[in-house]
Every structure is written in C-alpha cells, then in structure tokens.
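Take a look at the structure below.
Since the structure is predicted, the reported quantities are computational estimates derived from the model, not experimental observations. In what follows, every chain begins at residue 1, and chains take the letters A, B, ... in the order their sequences are listed.
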Amino acid sequence: MKYDPLVIEEKWQKKWEEEKTFKVTEDRDKKKYYLLEMFPYPSGRIHMGHVRNYTIGDVVARYKRMKGFNVLHPIGWDAFGMPAENAAIENRIHPSKWTYENIAQMKKQLKRMGFSYDWDRELATCDAGYYRWEQLFFIWMYEKGLAYKKRSSVNFCVKCDTVLANEQVEGGLCWRCGTDVTEKVLDQWFFKITAYIDELLEYCDRLPGWPERVLAMQKNWIGKSFGCLVDFPLEEGPGAIQVFTTRQDTLYGATFMLVAAEHPLVTELTRGKPCEKDVQAFVEKVKKQDKMKRTSDYYEKEGLFLDSYCLNPLTGSKMPIFAANFVLADYGTGCVMAVPTHDQRDFEFAKKFNLPLIVVIQPEDKELDANTMAEAYVDEGYLVNSGQFNGMLNTQVLDAIADYLEKEGKGKRTVQYRLRDWGISRQRYWGAPIPMINCEKCGIVPVPEKDLPVVLPQNVTFTPAGGSPLSTLAEFINTTCPRCGGRASRETDTMDTFVESSWYFARYCSPKYDVTPGLERQAVDYWMPVDQYIGGIEHAILHLLYARFYTKVLRDLGVVGVTEPFTNLLTQGMVCKKTIECPEHGYLFPEQVADNKCGLCGREVLISETPVKMSKSLKNVVDPDYLVKTYGADTARIFCLFAAPPENDLDWSDKGVEGAFRFLGRLWRIVDDYLEDIKSVATVSGSPELADDLKNLRRKTHQTIRKVSADIEDRFHFNTAISAVMELVNALYALKRPDKTDQVALSVIREALEAAVLLLAPIVPHITEELWQTLGHDTPAADTAWPVFDQAAASEEQMTIVIQINGKLRSRIMVPVDCDAETIKADAQNDERIAALLAGAKILKVIYVPKKLVNVVVAS
RNA sequence: GCCUGGGUGGCGGAACAGGUAGACGCAAGGGACUUAAAAUCCCUCGGAGCAUAGCUCUGUGCGGGUUCAAUUCCCGCCCCAGGUACCA
C-alpha cells in the first residue's frame with residue numbers, strides 16, 4: 001500500500017472532529033496543562049509563520065496529552081483591528097462580514113493542519129459576548145481610577161487615522177504601517193499601567209520560564225532609575241527650576257541649565273525681554289524638528305540663551321539658562337542641569353557656546369584638565385572641587401549628597417520611569433466601544449452594568465475620507481444620562497485591540513460563561529496560569545507587557561487568582577526565504593524565473609545572500625495550502641520542526657521539504673514491509689536472550705525513547721528528537737531481514753516500529769494514527785500512553801574508551817561497562833598502538849574519565 | 001553608544017555537567033535495481049599531505065590564558081542579527 005497523505009489526513013481529521021477527541025473539561029483527578037499559542041488575526045489566510053507556531057504548540061500539547069495530562073489547547077481570533085476597516089473602505093464590504101468570512105476560511109486551513117484544538121472553546125474578540133466583559137472591566141477600572149481620561153499630547157498616525165500608545169511607536173514610525181508618527185493634542189482614555197510599574201518590574205526577576213532577552217527588553221522599557229529632584233533657585237525673583245538627575249555626584253560641576261524647548265518655562269522666562277521673538281522662533285523650529293526626529297540618525301545640538309540665570313544650589317554660582325532641542329519635555333521635569341565635564345552632550349553644548357567647565361571627578365590613572373579635555377569623562381573617580389565631599393569615590397557618594405540635599409531642603413530622592421500610562425483610545429470603528437457617556441451636567445458617567453454590552457452598531461457607512469463612522473452616527477451617539485436622565489452623548493472612541501488580547505487566555509477557561517464577570521472562577525482557577533505560551537518575539541513588549549498588567553488588574557478586581565499569566569514563554573523565530581530580484585521588474589516569484597533569468601525581460605536575476613522574513617511584498621512566501629496539497633500536512637509539520645530549533649529563524653528549503661516527505665515515506669514502507677510478518681506477533685516483553693544484532697536494535701529502540709522524551713520535555717528540541725527517530729528507522733533498514741518464522745526477531749522489530757510510530761505521533765499525527773491502526777491497534781495513538789524506556793534494555797554492555805596521549809586521540813578500546821578503572825588504565829597502555837607510541841616515553845600520569853577516556857600524559 | 005543573542009563543513013544544524021567535533025537531514029559524487037527514466041535501496045562525503053585497506057597534520061570568528069584535555073571556562077578584540085536610543 002502506498003503512502004497517500006491526502007486520504008489518510010482527511011480520514012483522521014474527520015474522526016477528530018466527529019469524536020471531539022480534543023475537547024477537555026476540568027478534571028481534578030488529572031494534572032492540568034494549559035498550552036497556548038498566540039491567537040491569530042483573521043487576515044484571510046494562514047501563512048508559514050502560523051504553521052510553524054501552531055505546529056510547535058501542537059507537538060507539546062499532544063505530547064503532554066500522551067503523558068497523561070489534562071491538556072487545554074484552545075484557539076480563537078484576535079478579530080478587531082484596522083485591516084477589516086480598510087477592506088470595508090476599499091471593497092465596500094462590512095468589517096464584520098469580512099472578518100467572519102476570513103475566520104471561516106482560516107479555520108478550515110487550521111483544521112487541515114491537524115492541530116489538536118478544543119474547537120468548542122473557539123472565540124472571536126469582535127463578538128459582543130466577548131467584549132461585553134471587557135467593557136465591564138473597563139467600568140470597574142474606571143471606578144478604581146485605573147482608567148481615566150486626560151487631554152494630552154499623543155502619538156498620531158495619519159495613515160491609520162488614529163492614536164498610538166508609546167509602545168506602538170517604533171523608531172518614530174507607526175508599528176503597523178510604518179508612517180511617520182505626528183503629535184496631536186486630544187482627549188484620550190488611559191489605563192494606569194504605571195500603578196503596577198514596580199510589580200511589573202519586580203516580577204521580571206520571578207519569571208524563570210521566560211527568555212532572558214524578553215525580560216531585558218521589558219525592564220528597559222519600564223526604565224526605572226533612581227536619582228534626586230534638585231531645586232536651582234532663579235537669580236531674579238522667587239522660584240526655582242527643578243531638575244531630575246541620577247548624577248548628584250556631579251552637582252558641583254553643574255555650570256549651566258538646559259530646558260526643553262516646549263517647556264512653559266521658556267516662554268515665562270523670556271516674556272518681555274529683547275530675545276523673546278528669537279526664542280519663540282526657536283521653539284517653533286524645534287517643534288517641527290521633533291516630528292522628523294528619528295528619521296535622521298542624529299541632529300545637531302542646538303540651543304538658545306534665555307537671558308536668565310539660576311544658581312547652583314551647592315556652589316551658589318550663576319548658571320545661564322538655555323532652551324535646548326535635545327532635552328525631552330516629558331521625561332523627568334523637562335529641565336536638566338548641565339555638567340559639561342562629565343556628560344558628553346553637555347560637553348558638546350558647552351564647547352559650542354563657550355561655557356565654563358569644572359572638573360569634579362578625577363580618575364586615578366590620569367589628570368583631567370578642564371582646559372584641554374577633548375570629551376567628557378564619564379567613568380569612575382574621586383570627587384574634587386566638591387566641598388566637603390572631596391576625595392570620596394563618586395559611586396559611593398551618591399547617598400551622602402542625596403542626604404545632604406534633603407537635610408538642606410535643596411532636593412530630595414526620587415525614582416523616575418520611562419514607561420507611561422497606556423493610551424487605549426482609538427478613533428476607529430472596528431473595536432470594542434468604550435462604555436462611557438458624556439453628560440453636559442454630570443460629566444463622564446459609566447454605562448450602567450445592566451445596559452452592557454454597548455454593541456457596535458452594524459449600519460454604518462465607510463468613506464475613503466477616513467475617520468470613524470461612529471463619531472457621526474447620531475443613533476449611536478445620542479443617549480440619555482444614566483444619572484440625571486438628561487441628554488447625553490456616547491463615547492465614540494473604541495479600545496486598542498491590545499486590550500482584547502490582554503485577557504483572552506483567561507476567557508478560554510470558560511468561553512461561554514455568560515454570568516458576571518464572564519470568567520468562571522472555578523474554571524479559571526483550575527486552568528490558569530498558562531503553562532506554556534508560544535509566539536513571536538515581535539510581541540516582547542507590546543502584547544506581553546499589556547497582558548501581564550491586565551492580569552494583575554483582573555486579580556485586583558477579584559476575577560482571577562493569578563499574578564502572572566504565562567509561566568513559560570517560548571518565542572519562536574521567523575520563517576525566512578531568499579528573495580529573487582530582477583534589476584528591472586523588482587522582486588519576483590520563483591515561478592517567474594527560469595535559469596536565473598527574469599521571465600519578463602530575460603535579464604539575470606539577483607538572489608539575496610541571506611534568507612529574509614517571508615512577506616508578500618518580497619514575493620518570498622510559501623503558501624501552506626500548496627504544501628498541504630502537494631505533500632500533506634504531516635510533511636509541512638515535520639519540516640518546520642526538523643529544519644531548526646524553534647527559537648532560531650527557519651530558513652525555507654524546498655529540497656528540505658522533499659527530504660521530510662521522503663522520511664515519512666521511509667517510515668511508511670518499513671512498516672508496510674514487515675506488516676505481514678509481524679501481524680500476529682506480540683511486542684517483545686521481559687528481557688529475553690537475543691542475538692547481537694537484535695540486542696542492538698532493542699537497545700537503539702529504548703535509547704531513542706529516552707532521547708526523544710528528553711528532547712521534547714526539557715528543551716523543545718524537536719529537530720534532534722526527529723533525528724533520533726530517523727536513526728532508529730535507519731537501524732531498522734540496516735537489519736538483516738529475519739525469517740518469517742523467527743518470532744523473537746519479529747517481536748523486537750515490532751517493538752522498534754511501534755516506538756518509532758508513537759514517538760512521532762505528536763509531530764506527524766495523521767500518518768502515525770494510520771500506521772498505528774494498521775499495526776492492529778484499536779485505541780488511537782493519541783490516546784495511547786507515551787512509551788517508557790527500559791533502563792536495562794537501553795544500557796550498553798560494552799563501552800568505547802578513547803585513549804589519548806597528551807590530549808590527542810590515539811586509539812580506542814572496547815571494554816565491558818562494569819570494568820574497573822585500574823584494568824581500563826592498564827588495558828589502554830597495553831593497546832598495541834598506544835604501547836608502540838609510549839615506548840621509551842616517560843609517563844607522568846594517567847587520567848581516567850569514567851566511561852569516556854584515558855589520557856596518558858608523557859614528558860615531551 | 002548601551003542591552004540581548006549568535007559566529008561550527010557547500011547548506012540547515014548536532015555535540016544538553018570541560019572529555020571521540022561534524023549526529024540527522026539537504027546538496028554533491030558513486031553503485032544496485034530498471035529496456036530506460038522516476039521512485040527506491042546501499043556506499044562516500046571538513047581541509048591538507050603521504051610510503052593511500054591506513055596514517056599524519058590541521059580545523060568550531062581572531063589573539064591570549066586556565067587545564068592532562070577547551071566548540072564548551074576566563075580575558076581582550078572582530079563580525080553578524082534583534083531590541084533600544086540625546087531618558088539627564
């Protein structure tokens with residue numbers, strides 16, 4: 001019988017669907033395992049990134065299931081977001097229709113991959129049955145002050161026509177479309193993520209199951225720094241300029257003051273002065289500059305003297321005040337004390353404006369001279385020119401100076417963060433409505449809980465002009481105030497879609513529960529936290545930080561019992577492929593190229609040196625449907641796992657896919673070959689006396705079970721697990737075919753074949769189910785216990801001992817495993833080759849590493 | 001600049017507590033089967049050298065060090081990828 005993947009895959013998928021094989025419920029007698037992959041955005045078609053991500057997850061889910069765990073493995077749809085709205089404008093199709101059609105299509109594709117999801121838990125975040133709870137949580141957060149509205153300057157993407165959170169601005173560009181981000185002043189809803197800032201930071205050190213680099217990125221993003229707020233009195237009149245610094249050790253060296261150009265102080269200080277006009281012009285210039293900020297690498301440090309002075313609080317010396325383009329208005333106080341000798345930016349500024357330099361930190365190994373310094377000195381040293389603190393090491397004087405400032409009432413200790421509150425208002429239609437009402441009399445009033453959900457209206461029209469259709473839809477906006485009964489209007493902003501993905505993992509525990517608060521506590525307590533979360537590294541900050549924050553909020557609202565949502569995190573690499581480029585026609589699909597020539601113009605094409613992330617625009621994508629049609633889902637799955645360990649990028653190789661397919665064929669044929677002979681033979685049991693080649697095969701079988709179990713369990717290294725099974729299959733091919741009547745030999749072969757099939761069952765579930773059935777089993781492989789290795793059968797009787805002379809490999813000997821050290825050392829030296837090499841040499845010592853090698857050290 | 005990772009054959013990758021470098025697969029070459037091809041099965045496969053059934057030297061980005069022994073540990077550098085960037 002030939003291996004026909006398409007027939008057997010559809011057969012088993014149908015069975016899984018009909019029998020609801022992977023449906024789970026809470027079972028207190030079994031240990032739970034919650035495995036989750038990041039849910040997809042329903043863009044219309046799955047791509048290789050999905051195939052890889054979901055295959056990795058599926059292997060772990062199926063493996064844990066065979067190990068006896070009660071495995072929750074759900075899937076759903078991150079269904080709100082921009083593309084649906086864009087499709088509505090371009091193709092005159094309602095976002096809802098577009099989204100649900102895409103879901104139907106992608107669901108079919110996922111089922112065709114054979115993933116072991118509990119489809120009864122499927123959810124879509126655009127369902128009112130989902131987001132109504134999010135609206136409830138919003139109201140509860142509002143009541144606790146964790147959601148608030150504020151007029152503020154926000155990041156705005158003109159193309160997406162909406163606001164972006166700080167985290168959604170990448171290098172000054174919109175994370176989604178890459179457009180330059182501009183600033184806008186708007187009334188916005190925020191989540192007070194800063195209320196949890198210390199807990200978020202602290203738990204970065206309590207997530208040992210997370211990759212170090214993800215935690216490092218989150219820590220950086222939070223950006224906690226310890227320092228002082230110091231007051232610099234103005235020279236004229238009352239008042240002072242407050243600055244934040246982490247370098248109070250350099251305070252005696254502060255010779256001028258820098259203020260962010262946008263800071264109100266700039267206008268205040270120059271009002272009525274001759275320089276006022278110039279200063280205003282400068283401010284306007286910097287504001288414009290600001291928009292261009294990150295598009296150029298660096299721009300010139302610029303500043304303007306404000307014709308005002310303040311006083312250094314410790315030395316009393318006069319410090320000129322400048323407006324500067326490189327001081328950030330929204331970090332610290334927007335004002336910075338400048339210490340040109342020990343800060344490179346201040347140094348450059350001082351040189352440009354010819355400002356005084358005072359050395360206050362002196363290194364041990366050289367003498368700094370303010371007149372000849374070519375750059376700022378930023379390393380450790382001893383304080384000089386610093387009054388009572390002279391002679392102390394700068395890194396140790398920070399506390400003393402902070403104490404002094406506090407005692408003198410000139411400053412105080414403080415902590416600064418980089419992380420800002422999460423702006424969640426979006427001026428878009430296709431999102432969860434913010435359940436708030438604006439009343440002229442009562443102000444902002446939450447929608448009463450009994451009136452939830454605030455359903456997104458269906459009858460809207462989209463125009464290419466953009467803007468949210470909600471903001472002009474009278475029947476949605478007009479309402480009455482729940483408090484005073486008067487006329488009022490609804491909030492027309494919707495929530496950032498990252499809000500939906502911040503709690504979907506909890507909803508999966510009780511996806512249909514429709515009683516407040518939408519999360520059935522018993523179920524949530526049983527399943528949460530997620531034991532293993534798998535997804536792309538691109539969400540290292542955005543989604544993963546928001547989800548951690550939201551989980552803590554839900555905990556404090558009393559609806560979940562966990563503090564952190566994801567115990568273990570695996571970030572898988574991207575799927576990459578080389579690009580083909582024609583000098584005239586740009587990127588080409590492989591089928592547009594023949595003999596390295598462009599099919600359109602015949603010119604030589606350029607193939608990229610390294611593979612790059614698959615993307616439609618680079619035309620280097622591989623269509624999963626095509627793969628499945630040609631080779632089957634099992635081949636697609638095993639290739640994705642075999643080509644690279646999960647955290648590496650995966651370089652696509654068409655030849656590699658064929659190799660994967662070839663291996664499955666090899667497995668199929670070896671089973672098929674032996675089928676007749678082993679039909680009525682039982683698997684070997686006990687520890688019978690076996691001839692050498694059979695004993696070796698049996699040993700290989702048990703060693704393979706041991707290795708595959710460890711590779712999957714401990715490291716998710718499926719590539720080495722697959723290699724191990726390949727070796728076992730190779731060993732089966734290498735074995736001399738025993739006689740049909742040799743029951744003992746055939747029982748050993750059956751054991752090896754069954755092991756190979758079961759060990760591959762989580763990886764290639766269709767072919768293995770079929771083979772398992774063919775081998776005469778009524779219980780499906782998926783419901784069969786994971787094989788256990790027999791220590792005795794796996795252990796070697798003989799071992800190879802490597803013999804080195806002065807660390808160089810010179811010979812090998814075989815000895816029984818129980819051979820004692822002295823015998824081995826003696827045998828090693830008596831080995832024919834070694835003895836010859838040792839003749840006449842002076843042996844200094846002989847080292848024996850148990851079970852590994854003997855190293856004879858001789859005088860050279 | 002700073003913070004993470006990472007540099008191993010022609011390629012993807014093994015070597016998981018310092019102990020046989022290159023498992024497994026791809027590509028390549030050879031052979032068997034076949035009228036032929038495909039498919040399949042088997043063999044060879046880091047480099048150099050030689051008295052070529054084998055042996056020797058060399059080899060894990062570069063330079064040092066520790067050790068009987070280093071892809072693995074330490075120090076210094078180079079390169080690549082990701083993150084972040086005037087954060088005071």
Quiz item: Is A:D651 salt-bridged to A:K578, cutoff N-O under 4.0 Å?
Solution: no

Return the value, rounded to whole Å, for the distance between atom [atom1] of [X] and atom [atom2] of [N].
{"X": "A:L809", "N": "B:A69", "atom1": "CG", "atom2": "P", "answer": "16 Å"}
{"X": "A:L641", "N": "B:G13", "atom1": "CG", "atom2": "P", "answer": "14 Å"}
{"X": "A:K655", "N": "B:G13", "atom1": "NZ", "atom2": "P", "answer": "19 Å"}
{"X": "A:F718", "N": "B:A23", "atom1": "CZ", "atom2": "P", "answer": "23 Å"}

Please classify the nucleic acid contact of [X] as base, sugar-phosphate, or nothing, using heavy-atom distances under 4.0 Å.
{"X": "A:P645", "value": "sugar-phosphate"}
{"X": "A:V846", "value": "nothing"}
{"X": "A:V802", "value": "base"}
{"X": "A:Q344", "value": "nothing"}
{"X": "A:K707", "value": "base"}
{"X": "A:K808", "value": "sugar-phosphate"}
{"X": "A:D714", "value": "nothing"}
{"X": "A:R420", "value": "nothing"}
{"X": "A:G659", "value": "sugar-phosphate"}

Which nucleotide, [options], lies nearest any side-chain atom of [X]?
{"X": "A:R669", "options": "B:U4, B:C86, B:U40", "answer": "B:U40"}
{"X": "A:I847", "options": "B:A88, B:C68, B:C3", "answer": "B:C68"}
{"X": "A:S723", "options": "B:A23, B:G19, B:C16", "answer": "B:A23"}
{"X": "A:L328", "options": "B:A88, B:U20, B:G12", "answer": "B:A88"}
{"X": "A:A644", "options": "B:C16, B:C24, B:G13", "answer": "B:G13"}
{"X": "A:H717", "options": "B:C26, B:A14, B:A88", "answer": "B:A14"}
{"X": "A:R418", "options": "B:G13, B:A85, B:U20", "answer": "B:A85"}
{"X": "A:N855", "options": "B:G19, B:C16, B:G25", "answer": "B:G19"}
{"X": "A:E212", "options": "B:C26, B:G5, B:C3", "answer": "B:G5"}
{"X": "A:T720", "options": "B:A23, B:C3, B:G82", "answer": "B:A23"}

Expressed as a whole number of Å, how far does the [atom1] atom of [N] sit from that of [M]?
{"N": "B:G25", "M": "B:C45", "atom1": "C1'", "result": "14 Å"}
{"N": "B:U4", "M": "B:G76", "atom1": "P", "result": "14 Å"}
{"N": "B:A88", "M": "B:G7", "atom1": "P", "result": "33 Å"}
{"N": "B:U84", "M": "B:G13", "atom1": "C1'", "result": "31 Å"}
{"N": "B:G6", "M": "B:C73", "atom1": "P", "result": "10 Å"}
{"N": "B:U56", "M": "B:C24", "atom1": "P", "result": "24 Å"}
{"N": "B:G22", "M": "B:U60", "atom1": "P", "result": "14 Å"}
{"N": "B:G12", "M": "B:G46", "atom1": "C1'", "result": "16 Å"}

Quiz item: Between CG of A:D249 and OG1 of A:T395, what distance do you get to the nearest 0.5 Å?
Solution: 8.5 Å

Examine [X] relative to [Y] and say whether NZ or CZ is less than 6.0 Å from the centre of the six-membered ring and inside a 45° cone about the ring axis.
{"X": "A:R418", "Y": "A:Y331", "answer": "no"}
{"X": "A:R737", "Y": "A:Y674", "answer": "yes"}
{"X": "A:K301", "Y": "A:F326", "answer": "yes"}

Can you tell me if the side-chain N/O atoms of [X] get under 4.0 Å from OP1 or OP2 in [N]?
{"X": "A:N719", "N": "B:G25", "answer": "no"}
{"X": "A:Y733", "N": "B:C41", "answer": "yes"}
{"X": "A:R662", "N": "B:A27", "answer": "yes"}
{"X": "A:R737", "N": "B:C41", "answer": "no"}
{"X": "A:K736", "N": "B:C42", "answer": "no"}
{"X": "A:Y417", "N": "B:C87", "answer": "no"}
{"X": "A:R833", "N": "B:G54", "answer": "no"}
{"X": "A:R666", "N": "B:G25", "answer": "no"}
{"X": "A:R810", "N": "B:C57", "answer": "yes"}

Exercise. Between A:A734 and A:E658, name the one whose nearest nucleotide on RNA chain B is closer to the 5' end.
Key: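 Final value for this comparison: A:E658.
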
Quiz prompt | 5'-most by nearest nucleotide on RNA chain B - A:V214 or A:N648 | solution =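 Whichever sits nearer the 5' end wins; that is A:V214.
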
Would you mind pulling out the nucleotide paired to [N], Watson-Crick or G-U wobble, both distances under 3.5 Å?
{"N": "B:A81", "answer": "B:U4"}
{"N": "B:G46", "answer": "B:U58"}
{"N": "B:C41", "answer": "B:G31"}
{"N": "B:U66", "answer": "none"}
{"N": "B:C24", "answer": "B:G12"}

For the residue pair [X] and [Y], establish whether any side-chain heavy-atom pair is separated by less than 4.5 Å.
{"X": "A:K285", "Y": "A:N325", "result": "no"}
{"X": "A:T635", "Y": "A:P5", "result": "no"}
{"X": "A:K412", "Y": "A:L405", "result": "no"}
{"X": "A:V858", "Y": "A:L844", "result": "no"}

Exercise. Compare every heavy atom of A:K700 with every heavy atom of A:L728, then report the nearest pair and how far apart it is.
Key: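 Between these two residues, the closest heavy atoms are CD1-CG, 3.8 Å.
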
Quiz item: Is B:G9 syn or is it anti, if syn means the base angle is within 90 degrees of 0?
Solution: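 You should classify B:G9 as syn.
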
Quiz prompt | B:A39: syn or anti, per glycosidic angle within 90° of 0 | solution = anti

Quiz item: Counting only distance, no hydrogens or angles, is the base of B:C86 paired donor-acceptor with the side chain of A:K301 under 3.5 Å?
Solution: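 Such a pair is found, so the answer is yes.
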
